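First up is the structure itself, then whatever we jot down about it.
Note on naming: letters A, B, ... go to the chains in the order of the sequence lines (proteins, then strands), and numbering restarts at 1 for each one. Quick caveat, the model's predicted, so the values are computed rather than measured.
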Protein chains: 2
Amino acid sequence: MHQAASLTTYGCPSCPMRGCGVCRMLSEAELSSIGIIGRAVPAGQDLFSQGEPCGDVFNILDGWVFLYELLEDGRRQILQFGLPGDFIGLRPSGRVPFFGAQALSQVSICAIPRHRLLDLARRRPELAFELVRIVASDESQAYERLTALGRKTAVERVATLLLELFYRIRRRAPQAAGEILRIPLTQTHLADALGLTPVHINRTLGVLRQRGVIDYGNGLFHILAPHRLFEIAGVDAETCPWPRGDDGSPPSLQ
Amino acid sequence: MHQAASLTTYGCPSCPMRGCGVCRMLSEAELSSIGIIGRAVPAGQDLFSQGEPCGDVFNILDGWVFLYELLEDGRRQILQFGLPGDFIGLRPSGRVPFFGAQALSQVSICAIPRHRLLDLARRRPELAFELVRIVASDESQAYERLTALGRKTAVERVATLLLELFYRIRRRAPQAAGEILRIPLTQTHLADALGLTPVHINRTLGVLRQRGVIDYGNGLFHILAPHRLFEIAGVDAETCPWPRGDDGSPPSLQ
DNA sequence: CGCGATTTTGAGCACCTTCAATCCGTGTGG
DNA sequence: CCACACGGATTGAAGGTGCTCAAAATCGCG
């Protein structure tokens with residue numbers, strides 16, 4: 001709550017994401033004219049819901065979010081995780097979203113009216129261009145997860161997701177060295193993201209722990225054998241599609 | 001071969017896709033300055049390959065294409081099908097593609113140098129904007145397939161894919177009424193797209209045939225009971241993310 | 001006609017699911 | 001301080017969906 005207050009009080013200049021993604025492209029004047037609203041969302045609450053029109057796109061300042069689709073009978077697929085610095089909610093305009101977005105932890109977001117952003121993008125080519133970059137990167141990640149769900153075994157899927165999260169966390173926080181990650185997901189979240197059941201996720205994590213590849217507990221994941229994790233995931237560090245540092249280099253692991 | 005010749009001979013003005021997608025946004029002068037090359041690709045050949053740099057994006061004029069990712073051991077995941085009128089190859093620039101694109105049948109394409117297109121997009125917001133629309137739409141389709149692979153059973157997946165293809169085919173060819181589709185995919189393609197084995201695809205199609213929902217053979221699929229197909233797929237005709245007609249209306253089925 | 005690719009069918013198996021019980025850490029109330 | 005509830009993690013046992021291996025049938029095509 002006070003985070004939201006601080007956002008509206010101090011505004012964009014002091015925002016930790018001022019230099020990231022879309023905001024990097026905009027002047028102070030543009031940012032203030034666009035009507036951005038800082039907001040805190042409690043854990044478990046929807047930023048927007050499946051089937052309900054939502055006129056905003058969101059910049060995630062702090063906390064994690066996940067995009068999900070629900071089937072009639074309650075089955076849930078997690079489509080993507082949103083980390084600090086990510087933009088979510090960009091999609092073909094004029095369509096009701098067929099997926100929702102929910103806060104995993106308490107989340108600080110910045111809501112940007114979609115039509116304002118798009119109006120601006122119509123006049124500012126670099127901005128429109130940045131949007132292409134963002135959506136194309138999201139698409140790459142979706143493709144990578146498709147391969148995992150369609151063609152990888154449970155162990156391979158879990159290893160792949162851990163590596164993806166490692167890359168994405170480290171990209172925004174390169175100073176945090178070491179192979180310990182804070183991942184605010186329950187095993188049920190992992191299951192819904194990877195097309196498995198919570199029970200089987202548990203056994204699979206157990207296998208990885210028993211093999212000495214990772215250790216975990218209390219929301220922390222410790223990557224003990226990075227090399228073997230890559231091997232198991234079937235991921236090539238060079239060609240993997242996950243976000244790089246701004247210099248294009250992959251975050252180091254080990 | 002002669003198709004490629006006709007493309008280079010007559011050029012863009014006579015192209016069937018002149019009024020579609022990206023090309024719609026460009027003037028004759030821009031199109032000719034951008035260095036577009038019409039080309040025919042024989043069935044089974046790659047437009048671009050996984051891991052090999054490719055400087056072009058492609059507009060599909062005729063025939064089908066599929067995007068795929070290969071794992072080390074030969075497992076293949078089909079990420080997306082490209083139909084006439086689709087744009088493929090847009091992705092974060094400067095990255096080697098982690099997936100390939102292969103012609104399903106003989107295909108007529110139009111190769112556009114990526115950097116030229118992007119340079120142009122940097123100066124023409126509506127063009128960049130159209131790119132956002134295209135990639136966002138692709139992303140939606142990827143998300144929808146993610147849900148299918150992660151949370152749907154084999155029958156549900158097959159039904160979902162058939163509906164997707166129905167929508168996409170009908171969108172570009174609304175005049176072709178009826179519920180018979182020409183789908184140039186082997187059961188192995190369906191398997192690789194849906195995360196199943198060819199054998200199980202066969203049995204699943206058999207189930208749908210036996211239930212009187214579809215009939216098929218010789219590359220043709222006949223949707224006998226559209227309503228039941230929607231039901232089985234768990235798809236809502238109103239909110240499904242597949243492309244609409246230019247007036248925003250879904251293609252009619254039944 | 002004969003060959004290769006594709007489709008179809010059968011039988012056994014495995015990965016993952018389902019159902020269920022237990023354990024554990026945390027927060028809450030008596 | 002302990003009892004209790006609650007969400008999440010863990011473990012066990014049984015079952016099913018989809019896989020593997022294999023062979024036969026069908027189709028397209030030279």
Rounded interatomic separation in angstrom, taking [atom1] from [X] and [atom2] from [N]:
X: B/Asp192; N: D/dC19; atom1: CG; atom2: P; value: 11 Å
X: B/Leu194; N: D/dC19; atom1: CG; atom2: C1'; value: 16 Å
X: A/His200; N: D/dT17; atom1: NE2; atom2: P; value: 17 Å
X: B/Ile201; N: D/dT17; atom1: CD1; atom2: P; value: 16 Å
X: B/Arg157; N: D/dG18; atom1: CZ; atom2: P; value: 7 Å
X: B/Arg75; N: D/dC19; atom1: CZ; atom2: P; value: 13 Å
X: B/Leu220; N: D/dC27; atom1: CG; atom2: P; value: 14 Å
X: A/Arg151; N: D/dC19; atom1: CZ; atom2: P; value: 7 Å

Taking any heavy-atom pair under 4.0 Å as a contact, classify [X]: base, sugar-phosphate, or nothing.
X: A/Gly195; answer: sugar-phosphate
X: B/Asn218; answer: sugar-phosphate
X: B/Thr204; answer: nothing

Under-3.5 Å N/O pairs linking protein and nucleotides 5-13 of chain D:
unit_1 : atom_1 : unit_2   : atom_2 : d
D/dA9  : OP2    : A/Gln187 : N      : 3.0
D/dT10 : OP1    : A/Arg209 : NH2    : 3.0
D/dT10 : OP2    : A/Gln187 : NE2    : 2.7
D/dT10 : OP2    : A/Asn202 : ND2    : 2.7
D/dT10 : OP2    : A/Tyr216 : OH     : 3.4
D/dT10 : O5'    : A/Asn202 : ND2    : 3.2
D/dG12 : N7     : A/Arg203 : NH1    : 3.2
D/dG12 : O6     : A/Arg203 : NH2    : 3.1
D/dA13 : N6     : A/Arg203 : NH2    : 2.9

Flag side-chain contact, heavy atom, 4.5 Å: [X] against [Y]:
X: A/Arg157; Y: A/Thr204; result: no
X: A/Lys152; Y: B/Gln77; result: no
X: B/Leu161; Y: B/Phe81; result: yes
X: B/Ile60; Y: B/Met17; result: no

Please verify the inter-ring angle class for B/Phe221 with B/Tyr216; under 30° counts as parallel, over 60° as perpendicular, anything in between as tilted.
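If you compare the ring of B/Phe221 with that of B/Tyr216, the planes turn out parallel.
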Look at the rings of B/Phe58 and B/Phe48 and say which category their plane angle falls in: under 30° parallel, 30 to 60° tilted, over 60° perpendicular.
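The rings of B/Phe58 and B/Phe48 lie parallel, inter-plane angle below 30°.
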Heavy-atom pair with the smallest gap, counting every atom of A/Glu179 and A/Phe166:
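In this case the closest contact between A/Glu179 and A/Phe166 is CA-CE1, 4.5 Å.
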Should we count CG of A/Asn218 as having more than 12 external heavy atoms under 6.0 Å?
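No, CG of A/Asn218 has 12 or fewer neighbouring heavy atoms, counting only those of other groups under 6.0 Å.
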What does the inter-axis angle of the helix from C/dC1-D/dG30 to C/dG30-D/dC1 come out as, five pairs per end, nearest 10 degrees?
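Overall, the helix from C/dC1-D/dG30 to C/dG30-D/dC1 bends by 30° from one end axis to the other.
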B/Glu164/B/Arg145 ion pair, N-O < 4.0 Å
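Looking at B/Arg145 together with B/Glu164, the answer is yes, because their closest N to O distance falls below 4.0 Å.
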